[in-house]
2 protein chains.
Amino acid sequence: MPAIALADSLRVALVRMGRRMRRERADENLSLHHLSALGTLQQLEEPTLARVAAAECVKPPSMVKTLQHLESLGYVERSDHPSDGRMVLFRISDKGEQMIGETRERRNRALASAIEQLSPEDRATLERAVPIIERLAEQ
Amino acid sequence: MPAIALADSLRVALVRMGRRMRRERADENLSLHHLSALGTLQQLEEPTLARVAAAECVKPPSMVKTLQHLESLGYVERSDHPSDGRMVLFRISDKGEQMIGETRERRNRALASAIEQLSPEDRATLERAVPIIERLAEQ
DNA sequence: GGCATCTCATTAGCCTACCTCACGACCCCT
DNA sequence: AGGGGTCGTGAGGTAGGCTAATGAGATGCC
């Protein structure tokens, strides 16, 4: 399969899947991308706004809004950077940690049950594909 | 890897990839999802509004807007359904066909060149994963 | 054959989540 | 000390979804 055709079909699949996932948030208090930002906050070494935004493939002003919202809900706290006064470090609060633990499973349940119905080969393929897609997204 | 964890990482990867792709439309006249709708129009047997919307994983009112826009640009034409007066059939115009041919390659070029840098194994994995993701999206 | 009900496309109005541009605060370098 | 880059943030705009409501046409049931 030529790279262009693969890119095309990948694009179509991802757009549709994205819409499918977005529709699933009906009964949740936190949207998909808020949860994703919290996850990133957990992973990053020194989570400044710019770094979180970059990890989420989003521009800084967008991430400001997201983090402000999470902060207003008490899921995120901020502290000054020890040496650089321009930067702000964001970290997940205890309340945020707790909420993530409770929410993530419920959040992914529909997708997980669809995944459980895949054949073992398909599931293994999917598992190998995820980091590849992550890598493509970073560029 | 448990299904929940796979669902979680897949979700994160797809969200980021979606954002990355969306940002790539700078110099294009047609957005990602317009192009996708045109592609669906080409594939469907009897492309009524509801069917196109379903294929694109979108609600009918959203697809109305999309098709109206494409119609205003001359890429889509509509005709009455032969037997059911409630329905409308949408089809891609000659101008639309031509535009698709020109645009799709340019559109996918950045993604394709990222794909070309993958190892052959990764590329093969990706190729196998696409239809699996499509299937997940349909549910 | 006529009324109730259902389906389809459409409109109106809203919301989320991005973007760019502009700005003030701060860092660093000379 | 002061000039240029970087960081977070505010303002304002846009894209692309959604639900609810509406009107036209189909269908089903006496």
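Within every chain, numbering begins at 1; the chains are lettered A, B, ... in the order of the sequence lines, protein sequences first and strands thereafter. Because only heavy atoms are used, hydrogens play no part in the values below, and waters and symmetry mates are left out as well, while side chains stay in.
- Using a 4.5 Å cut-off on side-chain heavy atoms (C-beta onward), L30(A) and Y75(A) make contact.
- Nucleotide dG8(D) holds its P atom 9 Å from the NE2 atom of H81(A), rounded to whole Å.
- Between M21(B) and L14(A), the shortest heavy-atom distance links the atoms CE-CB, 3.8 Å.
- Two different hydrophobic clusters hold I115(B) and I4(A) under the rule that ILVMFWY side chains link at heavy-atom gaps under 4.5 Å.
- A distance of 9.5 Å separates CD of E116(B) from CG of L118(B), quoted to the nearest 0.5 Å.
- Within the structure, a side-chain polar atom (N or O) of S31(B) is placed less than 4.0 Å from OP1 or OP2 of dG16(D).
- Distance CZ (R20(A)) to P (dG17(D)): 16 Å, rounded to an integer number of Å.
- Taking every heavy atom of residues 40-50 of chain B and every atom of DNA chain D, no pair lies under 4.0 Å.
- With a 4.5 Å cut-off on side-chain heavy atoms, R128(B) and R128(A) count as touching.
- Atom C1' of nucleotide dC8(C) and atom CG of L89(B) are separated by 12 Å, given to the nearest angstrom.
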Reading nucleotides 18-30 of chain C 5' to 3', which nucleotides get B (base under 4.0 Å from a protein heavy atom), which S (sugar-phosphate only), which -?
-> BBBB----BS---

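- H34(B) is linked by a ring pair (Phe, Tyr, Trp, His ring centres under 6.0 Å) to H69(B), counting only residues two or more places apart in sequence or in another chain.
- One can place CG of D80(A) at 12 Å from P of dG8(D), the figure rounded to the nearest angstrom.
- Considering only residues two or more places apart in sequence or on other chains, E97(A) meets the side chain to side chain contact (heavy atoms under 4.5 Å, CB included) condition with Q42(A), I92(A).
- Distance L30(B) CG to dG16(D) P: 10 Å, rounded to the nearest Å.
- Hydrophobic cluster membership differs between I132(A) and V12(B), with clusters built from Ile, Leu, Val, Met, Phe, Trp and Tyr side chains linked at under 4.5 angstrom.
- In this structure, R16(B) places its CZ atom 16 Å from P of dA17(C), rounding to the nearest Å.
- Within residues 67-79 of chain A, the residues having any heavy atom under 4.0 Å from DNA chain D are, by residue number, Q68(A), R78(A).
- Among residue pairs with one or both ends in residues 130-139 of chain A, those qualifying as salt bridge (charged side-chain N to carboxylate O under 4.0 Å, His left out) are E134(A)-R16(B), R135(A)-D122(B); sequence neighbours excluded.
- Among the protein residues, V64(B) comes within range of the nucleic acid bases, having at least one heavy atom under 4.0 Å from a base atom.
- Counting non-hydrogen atoms under 4.0 angstrom, H34(B) reaches the backbone sugars and phosphates but no base.
- Side-chain N/O atoms of T66(A) and H33(A) include a donor and acceptor closer than 3.5 Å.
- The salt bridge (charged side-chain N to carboxylate O under 4.0 Å, His left out) with E71(B) is formed by just one residue from the set K95(B), R91(B), R78(B); it is R78(B).
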